[in-house]
Amino acid sequence: MMNSIVNFALKRPTIIVILTLLLFGAGIVSFIQLNIEAYPDPVPPLVEVITQSGGQSAEEIERYITIPIEIQMAGIPHVTSVRTISLFGLSDVRIAFTYDFTYEEAEQRVINRLSQLPPFPNGVVPQISPESPIGEIYRYRVVGPPGYSVMDLKTLQDWVLERRFKAVPGVVDVSGWGGKTKNYEVNVDQKKLFSYGVTIPQIQQALNNANINVGGQTVNFGPQAAVVRGVGLIHTVDDIGNTMVSQNNGSPIRIKDVAQVAIGYQPRLGIAGQDKDEDIVQGIVLMRRGEQCLPTIHRVEEEVNKINTMGILPPGVHLEKIYDRSELIAVTTHTVLHNLLVGIVLIFLVQWIFIGNLRSAVIVALTIPFALFFAIIIMLVRGESANLLSVGAIDFGLIVDATVIMMENIYRHLAQKPEERFAHSNVRSQSRVPMELRGRFAVIANSAMEVNQPIFFSAAIIIAGFVPLFTLAGVEGHIFGPMARTYAYAIAGGLIATFTVTPAISALLLPEQVEEKETILVRLIRRVYTPLLKFMLANRILAIGGAAVLVIAALIAGRSLGLEFLPKLEEGNFWIRATFPPTVSLEEGQGYANRMRQIVKSFPEVTTVVSQLGRPDDGTDTTGFFNLEMFVPLKPFDSWPAGLDKEKLTQQLNTALSEPFPGVDLEFSQNIEDNVEEAASGVKGENSIKLYGNDLEALQKTAYQIKDVMDGVSGITDLSVFDAFGQPTINIDVDRVKAARYGLAPGDINTVVQTAIGGQAAGNAYEYGSDRNFPIVVRLAPEYRQSLEAMRNIPIGVSAGSGTVQIPLSSVATVKMVPSYSFIYRENQERYIPIRFGVRGRDLGGAILEAQQKIGEKVHLPAGSRLEWAGEFGELQEAISRLSVATMISLVLIVLLLWVNFSSVVDTFLAASVMPLALIGGVFTLAITGTPFSVSAAIGFIGSVWHFRHGRHYRDFIV
């Protein structure tokens, strides 16, 4: 079949040239349309269930919400883990699946299970989070003129901007960060309650009853029917204030008689700031899973332009871009194009320098764009995306390998005298060259037939060598999977070019007779190589012994190599996390955030600094006031001072932030990298130790012992223990006996407590002329609820005869402050405490192996507890385990192919014995440069194994 293809190309070379040009044109168009991602989504399908229940402690969240959801998720097929976090007012349950399900299938399974749960107390409803590890594509800030408050801007974000961006194709959600969420506050005056004899539940009930519309069907007026409406909705502050609560001797008691009504805001869960602005409103646009990144970003940018220019927002209000993914994608695209151009030029120069013929070098170099455009067209047709690894890391030697073999043979025979061509080959005697092919066309056809078998086995060994690449699973599988498919497409394109473009262009460009001459470089190499070869042949034992010594030295050097999971993809930004004591208040944390932001912004390499303290109102970030995260875009690296790189800047920032804030734990990462690592391990941080057990207090003590040990390990940085215990909590314990004397149930008392202190919504106020509505929150005025003594005096209504009397809360309950849990981590129905850490200035594997040894020697775990290493190190161990098995299978396949080709055990052994030597250079290079061994390096080694086969086809025809 290959002979027929070559003959067709030689009989119709003009058609081949035209088809090649058409493919180049289609390839350019396809590349323009191809979706290029900076980073593939490596995380398996992960469904996150967010449940917010304001006011409840971490223990209550765990008991009443998290564990029921956790149990309900058990038994779903293909679930690998169920990780949960319970903290004040928020439950987060993350269900990780295998790749057997798509995200949509996994999400539907979770929704089905959630629908089977009984209703939660207080009308709490679980929600599916739209967050994706690489979903964030655009950040903007809502900016207003003087006089606009962050509450006004947050209202625009919630009711205008979020809706418009959600309507953009490819966008799944917009997360609003910062600002104040508007509400209508009814701050009850406790003294007036006593004076008028009104209770808090009465106020709440009155507002609920006074905030409703009803329908009265229709009434006919002659030939027309009129709709009857009973209008009673609350629209304004005056409507709330004029609502009647009760009567006193025939006189109405209204809300405004016992409370102050005003426009306020919900209790804040987080604050965002930027540079010198301490309180801002920002929006984070999230892309739908599986969508193409660049087209979605362009649509978002178009929507931003419409919003800013078409009067959608009030005068003076506009959006400012903070970040968009297109900047990173542009850098990736530039890198890919640079690699492609450099690869083509290098292949051209090498071919030209060694053969000394410009035309043959052009023919070989044409294979690269042909193969790559072929691969790009297939990717576009299949709807696949490209990234820096899948396109920019392709080995061009793989693509042109077959072409070089064919081109060398064609050129060699064209350089011979006509009577000497194929004199020592058996190809001519069984030639299938058509009679119409004469002269150089026949020579090219016979030359191609002569190397068909070597080229076939060359391609087969390449495929066998890349078996491990196709068997990768988990995070590394989804990172390198696109590269494996692109390799396959490009190699297929290279083979097509070898049997069509190469002979056709050779027939058009090469003359009947060429001159085979040694170039200057070849002569220089031969002067060194020929004596060396003769010496080695004369001293075979020494040569074999030297090779064995090199292999042994490589093995020793390999054992000293460091280990890391994957090289870092440079995103051009910092993601800095600062962890404060768990008891810190939002206001105190904001003071720290403002000072830290100014310190980071003072570095000239920093473009801007956006800080996020706490969590957004939608609960999509499971953290508290103790957590500060700063997004720090950086200026282009070529504008930095000479000698300054990112690692040095990290050290400078770490020092600048550590000295003014002792006791604050810092961690440095990147935006996408941080999201991916958190999604993969369930813990905020690059790496972590999970200390499992039921006794959290004992685990916390042990966690600090582990931290102290790790603090002495070189390279371990950013150490932090997640303090599970120590959150101050005010417990209000109802005395059931005393409550019963007053005819009160514990639920009656807790309802008053919940409303008086935390506030309770009594319906919504619907503003005139719009669909905006905001909750009406009833609670005691601040002076009556902000101290333990004030809480003890909260009035509880008790029925007495025909009226109601009020008693202080202290009469039926004990109010005291106790320590409690800050948050509770669980995985697969076990509690655990995370110990977060990073590694800088040393390889990941070496640092962790040393830490494991020291922890094993110095730390005794409590009974019933265990620890597990999560993050990059765990993923590295799994990847190496899978690669070791797949590599052995690949080597066996290669040996079998060699045996089929040679039909000789001795020749197979001789060829296969060179495989270890193919790895020596790589091992020594890693050792000399201090580069750790990683999954990427392992894949490079796998790809290099087959290079030994070059030249084995000469056995068949070289004298």
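Model, not experiment: these values are computed from the prediction.
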**OP:** Check whether any side-chain heavy atom of L372 sits under 4.5 Å from a side-chain heavy atom of F31, and report yes or no.
**Re:** no

Subject >> Heavy-atom side-chain proximity of S447 to R412 below 4.5 angstrom >> reply: no

**OP:** Test L510 against M407 for side chain to side chain contact (heavy atoms under 4.5 Å, CB included), laying out the working first.
**Re:** CA-CA 11 Å; L510 297 180; M407 193 65 238; 3.4 Å; yes

**OP:** Without swapping roles, check the side chain of T403 against the backbone of V364 for a donor-acceptor pair under 3.5 Å.
**Re:** no

Subject >> Check: F8 and I16 side chains under 4.5 Å, non-hydrogen atoms >> reply: yes

Original post:
Under 3.5 Å, is there a donor-acceptor pair between the side chain of R382 and the main chain of M379?
Top reply: no

Original post:
Which heavy atom in E105 sits nearest to a heavy atom in T102, and how many Å separate them?
Top reply: OE1-N, 3.0 Å

Subject >> N/O donor-acceptor pair under 3.5 Å between R325 side chain and I297 backbone >> reply: no

**OP:** Rounded to the nearest 0.5 Å, what's the gap from CG on L508 to OG1 on T14? Could you check?
**Re:** 6.0 Å

Subject >> Whether E571 side chain and I672 backbone form a donor-acceptor pair below 3.5 Å >> reply: yes

Subject >> Heavy atoms of other groups near F24 CZ, more than 12 under 6.0 Å >> reply: yes

Original post:
Are V17 and I505 close enough that some pair of their side-chain heavy atoms sits under 4.5 Å apart?
Top reply: yes

**OP:** Check the surroundings of atom CD1 in I541: do more than 12 heavy atoms from other residues, nucleotides or ligands lie under 6.0 Å from it?
**Re:** no

**OP:** With rounding to the nearest 0.5 Å, note down the distance linking CG in L10 to OG1 in T500.
**Re:** 10.5 Å

Original post:
Roughly how far apart are Y411 OH and Q351 CD, rounded to 0.5 Å?
Top reply: 10.0 Å

Subject >> V168 side chain near M287 side chain, heavy-atom distance below 4.5 Å >> reply: no

Original post:
How long is the gap from CD on Q33 to CG on L380, to the nearest 0.5 Å?
Top reply: 5.5 Å

**OP:** Would you mind reporting whether L358 and F348 have side-chain heavy atoms less than 4.5 Å apart?
**Re:** yes

**OP:** Verify, without hydrogens or angle tests, whether N35 (side chain) and C293 (backbone) share a donor-acceptor contact under 3.5 angstrom.
**Re:** yes

Original post:
Is the closest side-chain heavy-atom distance between M406 and F499 below 4.5 Å?
Top reply: yes

Original post:
Atom CG in N357, atom CD1 in I363: separation rounded to 0.5 Å?
Top reply: 7.5 Å

**OP:** Considering non-hydrogen atoms only, spot the tightest contact between A402 and L495 and give its length.
**Re:** CB-CD2, 3.9 Å

Original post:
Parallel, tilted or perpendicular: which describes the rings of F370 and F374, with under 30° parallel and over 60° perpendicular?
Top reply: parallel

Original post:
Do you know which two heavy atoms are closest between T296 and P169, and how far apart they sit?
Top reply: CG2-O, 4.0 Å

Subject >> Shortest non-hydrogen separation from A490 to A371 and the atoms involved >> reply: O-CB, 3.3 Å

Subject >> Taking every non-hydrogen atom, the tightest pair across F637 and G572 >> reply: CZ-CA, 4.3 Å

**OP:** Nearest 0.5 Å please: distance from the CG atom of N409 over to the CG atom of N446.
**Re:** 10.0 Å

Subject >> Exceeds 12 heavy-atom contacts within 6.0 angstrom, atom CD1 of I520 >> reply: no

Subject >> Neighbour count above 12 (heavy atom, 6.0 Å) for R523 CZ >> reply: yes

Original post:
Between L34 and E384, what is the shortest heavy-atom contact and its length?
Top reply: CD1-O, 3.6 Å

